[in-house]
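Here the structure comes first, spelled out in structure tokens, and everything after it is commentary.
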2 protein chains.
Amino acid sequence: MAGRNLVGPEADALDLGTVFRALADEHRRSVMTELAADRSDSERGCNSFDLPISKQTQTHHFRVLREAGLIDEIDYGNRKGIRLRRADIEKRFPRLLTLLGAESPGGTAPRRAQLSTPEGSPSRP
Amino acid sequence: MAGRNLVGPEADALDLGTVFRALADEHRRSVMTELAADRSDSERGCNSFDLPISKQTQTHHFRVLREAGLIDEIDYGNRKGIRLRRADIEKRFPRLLTLLGAESPGGTAPRRAQLSTPEGSPSRP
DNA sequence: CTTGAGGTACGATGCAAGTCGTACTTGAAG
DNA sequence: CTTCAAGTACGACTTGCATCGTACCTCAAG
């Protein structure tokens, strides 16, 4: 009955490169942003996130998040629970979860980076 | 004489996904960690970082960092200057640079994530 | 037991990204 | 002007990763 907790790295073993790579994907970042916004840190079903991808790909993404040490996965056999490892993340990388709330500040800025200065004067001199 | 500043995105236009993707690479992250550690924010030559990669690849990495809005590149023609955009980063993503100093906490933890609990009892119940 | 939904395993595929070789440009030193 | 070091542009190669199709597993409801 009590599901088994699939293991990830210990809190002290969280790797910044692995974490950044995990958060680089848009779908994984949306999951983490939702989790970080809920301060109750309650366990959620893994299809409570409306991800526009197949279930095989969802399995892959949750696996990446777990192996990065960002979430716990509780296996119930034919169902799965997701829980944010807030304490461990705060301990190892303080303010990281706060950072996730900083998506899209004011407007949706469509500004793109350019390769070089097309005209004479530089942009931010 | 005064080099031209190759342009990147404005401070408000920094994208979290782009930034995480830029910081996911080990070489780029080492550059950013060095820059973040120097509080004087002085301009540095781009070969002052001992990157074990060819100069073409270095050009590529600095370009990614600039397009992500993390550094400025000052073009002197046959030489290039690198400067951290600390104020812009702090404004858009507070504590991000502090996070870069949290690499390798105590020891180099060689612990690897596992796929599932091999035996009966879960790891972190 | 049978059925069906949720989830995983494995493999294939397509695309993005890191790397480097060759060739070209820039500017300083001689 | 010639030489040389630093940097870039372009292309090729290779790896990694997101995605999904097919097949299988697990458990609860009939």
Side-chain angles (χ1 to χ4, degrees), chain A residues 1-8 15 17-32 43-68 71-83 112-118, chain B residues 1-7 15 17-32 43-68 71-83 113-118:
Chain A
M1 211 52 172
R4 306 213 300 189
N5 196 348
L6 304 183
V7 304
D15 177 65
T18 307
V19 168
F20 280 152
R21 217 171 303 126
L23 295 177
D25 183 85
E26 182 187 6
H27 298 133
R28 290 195 291 261
R29 205 167 58 253
S30 76
V31 167
M32 289 299 297
E43 186 178 319
R44 293 184 54 168
C46 59
N47 46 5
S48 67
F49 311 90
D50 278 339
L51 297 177
I53 48 180
S54 68
K55 58 181 184 177
Q56 306 98 297
T57 306
Q58 291 191 30
T59 297
H60 164 68
H61 284 314
F62 286 121
R63 189 163 111 101
V64 171
L65 287 177
R66 171 173 53 87
E67 291 185 355
I71 64 171
D72 278 330
E73 290 183 289
I74 301 95
D75 181 21
Y76 296 104
N78 66 342
R79 182 170 41 106
K80 198 170 60 176
I82 301 293
R83 197 184 300 122
R112 294 276 304 147
Q114 298 175 2
L115 291 181
S116 61
T117 51
Chain B
M1 208 52 167
R4 304 212 303 188
N5 195 350
L6 303 183
V7 304
D15 177 66
T18 306
V19 169
F20 280 152
R21 217 171 304 125
L23 295 176
D25 183 86
E26 183 187 7
H27 298 133
R28 289 194 292 260
R29 205 168 58 251
S30 77
V31 168
M32 289 299 298
E43 185 177 318
R44 294 185 54 168
C46 60
N47 46 6
S48 67
F49 312 90
D50 279 338
L51 297 177
I53 49 181
S54 68
K55 58 179 184 177
Q56 307 98 297
T57 306
Q58 291 190 31
T59 297
H60 164 68
H61 284 314
F62 286 121
R63 188 158 107 99
V64 171
L65 287 177
R66 170 173 54 86
E67 291 185 358
I71 64 171
D72 277 331
E73 291 183 288
I74 300 95
D75 182 21
Y76 295 103
N78 66 344
R79 182 168 43 106
K80 199 171 59 176
I82 301 294
R83 198 184 302 122
Q114 298 175 0
L115 292 182
S116 61
T117 49

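Quick caveat: nothing in here was measured; it's all calculated off a predicted structure. Just so we're on the same page: letters track the sequence lines, and every chain starts at 1.
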Under 3.5 Å: donor-acceptor pair, side chain of A/Arg29, backbone of A/Leu23: yes
Nearest-neighbour nucleotide for the A/His61 side chain, C/dC20, C/dA17, D/dT19 considered: D/dT19
Nearest-neighbour nucleotide for the B/Asn47 side chain, D/dG7, D/dT19, C/dA9 considered: D/dG7
Euclidean distance, atom CZ of residue A/Phe62 to atom P of C/dG7 [Å, nearest integer]: 9 Å
No-H, no-angle donor-acceptor pair, B/Lys55 side chain to D/dG7 base, under 3.5 Å: yes
Cation over ring face, B/Arg44 and B/Phe49, 6.0 Å, 45°: yes
Side chain A/Arg28, main chain A/Phe62, donor-acceptor under 3.5 Å: no
N/O (side chain, A/Thr57) to phosphate O (OP1/OP2, D/dA18) under 4.0 Å: no
Rounded distance (Å) that lies between atom C1' of C/dG4 and atom CZ of A/Arg79: 16 Å
Interatomic distance, B/Gln56 CD vs C/dT25 P [rounded to whole Å]: 17 Å
Minimum-distance nucleotide to B/Lys80 side chain [options: D/dG7, C/dT19, D/dT19]: D/dG7
CD1 on A/Ile74 to CZ on A/Arg79, rounded to 0.5 Å: 10.5 Å
Nucleotide nearest B/Asn78 when distance is taken to its side chain, options C/dT19, D/dC20, D/dA5: D/dA5
Position toward the 5' end of DNA chain D (nearest nucleotide), B/Glu73 or A/Arg28: B/Glu73
Rounded interatomic separation in angstrom, taking CZ from B/Arg21 and C1' from D/dA18: 12 Å
Any N/O donor-acceptor pair, B/Gln58 side-chain to C/dT19 base, under 3.5 Å: no
Presence of B/Thr59 side-chain N/O under 4.0 Å of D/dT8 phosphate oxygens OP1/OP2: yes
Nearest-angstrom distance from the residue atom CG of A/Asp25 to C1' of D/dT19: 11 Å
Gap between atoms OH and P, on B/Tyr76 and C/dA29 respectively (whole Å): 15 Å
Sugar-phosphate only, base, or nothing, as touched by B/His27 at under 4.0 Å among non-hydrogen atoms: sugar-phosphate
Protein-nucleotide distance (B/Ile74, atom CD1; C/dT26, atom C1'), rounded to Å: 17 Å
Heavy-atom donor-acceptor pair, B/Gln58 side chain to B/Ile53 backbone, under 3.5 Å: yes
Between P of C/dA17 and CG of B/Leu65, the distance in whole Å: 14 Å
